[in-house]
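Before any comments, here is the structure.
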Protein chains: 2
Amino acid sequence: MAEKVTIYDISKKLNISAATVSRALNNNPKISQKTRELVLKTAAKMNYKQNRLAQALKSGRTNNVGVIVPFINRSFFSSVIRGIEEELSPHGYHVIICQSHEDVDNEIKQIDTLLNTQVDGIFMSVAKTTQDTSHIQKALAENTPLVFFDRKKDVPGLSSVIIDDFKGGYLATQHLIKQGCKKIAHFSGDLSVEIYKNRHQGYLKALKDHGITPLSRFSLQVNSKLESGISAVKELWEFEEKPDAIFSASDYAALGAIQELRKIGIKIPKEVCVVGFSNEPFTKYMELPITSVDQTPFEMGKIAAQVFLEQIESQILTAEKKVVLAPELYIRDSSNRNL
Amino acid sequence: MAEKVTIYDISKKLNISAATVSRALNNNPKISQKTRELVLKTAAKMNYKQNRLAQALKSGRTNNVGVIVPFINRSFFSSVIRGIEEELSPHGYHVIICQSHEDVDNEIKQIDTLLNTQVDGIFMSVAKTTQDTSHIQKALAENTPLVFFDRKKDVPGLSSVIIDDFKGGYLATQHLIKQGCKKIAHFSGDLSVEIYKNRHQGYLKALKDHGITPLSRFSLQVNSKLESGISAVKELWEFEEKPDAIFSASDYAALGAIQELRKIGIKIPKEVCVVGFSNEPFTKYMELPITSVDQTPFEMGKIAAQVFLEQIESQILTAEKKVVLAPELYIRDSSNRNL
DNA sequence: TTGTAGGCGTTATCAT
DNA sequence: ATGATAACGCCTACAA
């Protein structure tokens, strides 16, 4: 059982003061080369390790950051977290993960405990239902930098890294138009959520730019579930005029749509093209791989981390920086008629 | 900018000593009911928050635990982490995540920095190449409980939560035999890794128990990649005598196998049955859903956390507990001939 | 029941 | 260049 060795142990052994030891350890210029080397050598020999807790108490900096996501085991979020971890770890930070379970109350608690444990920064993707931002402003009030990713709120002084969802919606729809589709349906998420609204707007704009008048009946609200895509297709196919393409804001709903379409004997992509959103891992593994819009989660995490580091280093914790990443369309068989 | 309020601020305001305040806050019995209530009320009014850092420095307990996994964005690992987080969070713990990138050197560093930041416990799934365990024993030496999950090492005094990989291999193979398969091939992982060795043993035992003599040519070592499954099938199909089933220790290799089999016109499951391992999300989404062995990662995380909590509460940090969970076979179309 | 004092390990300020 | 001392905020013997 290794007894903890402190700077006092070193100072005693060397008959110098603890302050000197501390200086040697911290590259303080006010110390002779000789003493420094001696201290460093004996510290190593005694297997001395700085006590990060004492350091943190003294300095107020813990070298920990917190990440709050709805659920950590969603492919998108875990990839963002990986990006954050890999960018921050070389700088000596540890990443604490928290889940909101898509619930504002949890979000509030998580922010509270994170601030209480004195994290040096917080990264978060807000819950879908979050409206009020007072809990988020607490971070600002305590001078803890907070960076949003993907799902943000507009809070003055806070930075965000998101993708251009409008562009994602535009790209997907434009691609479908290029495949010759003219009657393009859209499965949107909850339109009160910014990202879904933007995807929808992008869809509408692409139609408009190509002289296609959107049919309001063709915009259906679904949740991110396979079943939701199935029932949406059923609903659409009740009418005489059927779509020749579906752009779904969710890969799961897109998959459900594909299953249902095949079930009723419709050829994909010949009769109907389908495009999803998020580039979930499964989309590329299907026998009929699904075209999807990639949100570059890994990049997003890395960049969010960089924004944080810049703020820390520049000391300007309230430097509101808005990064918008370009989404990437992965064209696969479900919408590719040029095979 | 909220100034931090300490127990001294409260003590001054109330004209009592900081010690009394501390006692009131900590439910110390040696204090009058009246004082306690007064303190509690003013603390709340002044918006007092305990400084966890000071507390940690004093007590040596941080209420942080570390989790080391190869990669955090693998479905299996992120689900285990979710289990750990959800079990520990109600007990006031925060979860720090670290990645080893399947590299022992990183593992060593991660353990070092985790111990250095004084985590109260460590959870880990070792890298595939890890042989030497001296870095792991450090945790033991510093009295920090360490719990393995899924990929363990046998270190006296350390606990582990794993699934019964032998049984998983047995179940999968037995299922294939029940489907009428007699020439069952196995795609194994690196057999020097315990979990893969056990799955292989389970496969062999099931064959033996049903009077089938294993063909050594039918055991191929693959890595967990789609391409690996493709080439394994190519290799198998070069011979005159073809298998009528494949049990793959990896879902990805199973998927590759399926793709290749279909390509050469083989009907699944009629001519060849395929079973994978891990129950990756994509397996159930395929047009031909893939039978797979589920490792119950979420449960695994929760139980690992419980093992940790027991050790902490019982003060017996070296209570070597070995939990073995039962794997679950999810039978799907890729191996189900009774449709 | 309450107060005093010391210490957890470090760093920063002020002397020397 | 080095040493003494205080302080970060809390907890806990020990004393009163």
Worksheet item: How large an angle, rounded to 10°, do the end axes of the helix from dT1(C)-dA16(D) to dT16(C)-dA1(D) enclose when each is built from five base pairs?
Response: 50°

Taking [atom1] from [X] and [atom2] from [N], how many angstroms apart are they, rounded to a whole number?
X      : N       : atom1 : atom2 : result
E37(A) : dA1(D)  : CD    : C1'   : 15 Å
N51(B) : dT10(C) : CG    : C1'   : 14 Å
L38(A) : dA1(D)  : CG    : C1'   : 14 Å
N27(A) : dT11(C) : CG    : P     : 12 Å
K34(A) : dA1(D)  : NZ    : C1'   : 11 Å
L25(A) : dG9(C)  : CG    : P     : 15 Å
I10(B) : dG9(D)  : CD1   : C1'   : 12 Å
I7(B)  : dC8(D)  : CD1   : C1'   : 12 Å

Discussion item. I need the residues from residues 52-61 of chain B with at least one non-hydrogen atom less than 4.0 Å from DNA chain D; give them sorted by number, or say none.
Written reply: A54(B), Q55(B), K58(B)

Can you give me the N/O atom pairs linking the protein to nucleotides 2-4 of chain C at distances under 3.5 Å, or say none if there are none?
unit_1	atom_1	unit_2	atom_2	d
dT2(C)	OP1	T35(B)	OG1	2.9
dT2(C)	OP2	S32(B)	N	3.2
dT2(C)	OP2	S32(B)	OG	3.3
dT2(C)	OP2	T35(B)	OG1	2.8
dG3(C)	OP2	S17(B)	N	2.9
dG3(C)	OP2	S17(B)	OG	3.1
dG3(C)	OP2	T20(B)	OG1	2.5
dG3(C)	N7	R23(B)	NH2	2.6
dG3(C)	O6	R23(B)	NH1	3.1
dG3(C)	O6	R23(B)	NH2	3.3

Practice prompt. Mind checking N26(A) for me? I need base, sugar-phosphate or nothing, with any heavy atom below 4.0 Å counting as a touch.
Written response: sugar-phosphate

Worksheet item: When we call it a touch if two heavy atoms are under 4.0 Å apart, what does S22(A) touch: a base, just sugar-phosphate, or nothing?
Response: base

Is it the case that [X] and [Y] place a side-chain donor and acceptor less than 3.5 Å from each other?
X       : Y       : value
E107(B) : H101(B) : no
Q110(B) : S100(B) : no
E102(B) : T129(B) : no
Q33(B)  : E37(B)  : yes

Worksheet item: Checking side chain to side chain donor-acceptor pair (under 3.5 Å) against S159(A), which of Q311(A), E320(A), K152(A), K321(A) comes through?
Response: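 Between S159(A) and the candidates, side chain to side chain donor-acceptor pair (under 3.5 Å) is satisfied uniquely by Q311(A).
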
Fill in: Residue pair K4(A), D9(A): steps toward the salt bridge (charged side-chain N to carboxylate O under 4.0 Å, His left out) verdict
CA-CA 9 Å; K4(A) 302 280 175 208; D9(A) 299 324; over 6 Å; no

Worksheet entry | is_close_aromatic(F77(B), F71(B)), centroid dist under 6.0 Å | no

Item to complete: Would you please indicate yes or no on a ring centroid separation below 6.0 angstrom for F123(B) and F148(B)?
Response: no

Practice prompt. Please assess I96(B) against V65(B) for the test side chain to side chain contact (heavy atoms under 4.5 Å, CB included), listing each intermediate value before the final yes or no.
Written response: CA-CA 6 Å; I96(B) 293 172; V65(B) 299; over 6 Å; no

Discussion item. Under a 3.5 Å distance rule, please check whether N26(B) uses its side chain to pair with a backbone N or O of S22(B) as donor and acceptor.
Written reply: yes

Worksheet item: Under the 3.5 angstrom rule, does the side chain of S125(A) hit a backbone N or O of F149(A) as a donor-acceptor pair?
Response: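 At least one qualifying donor-acceptor pair exists.
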
Worksheet item: Does OP1 or OP2 of dT11(C) have a side-chain N or O of Y8(A) closer than 4.0 Å?
Response: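 Answer no for this pair, as no side-chain N or O of Y8(A) is under 4.0 Å from OP1 or OP2.
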
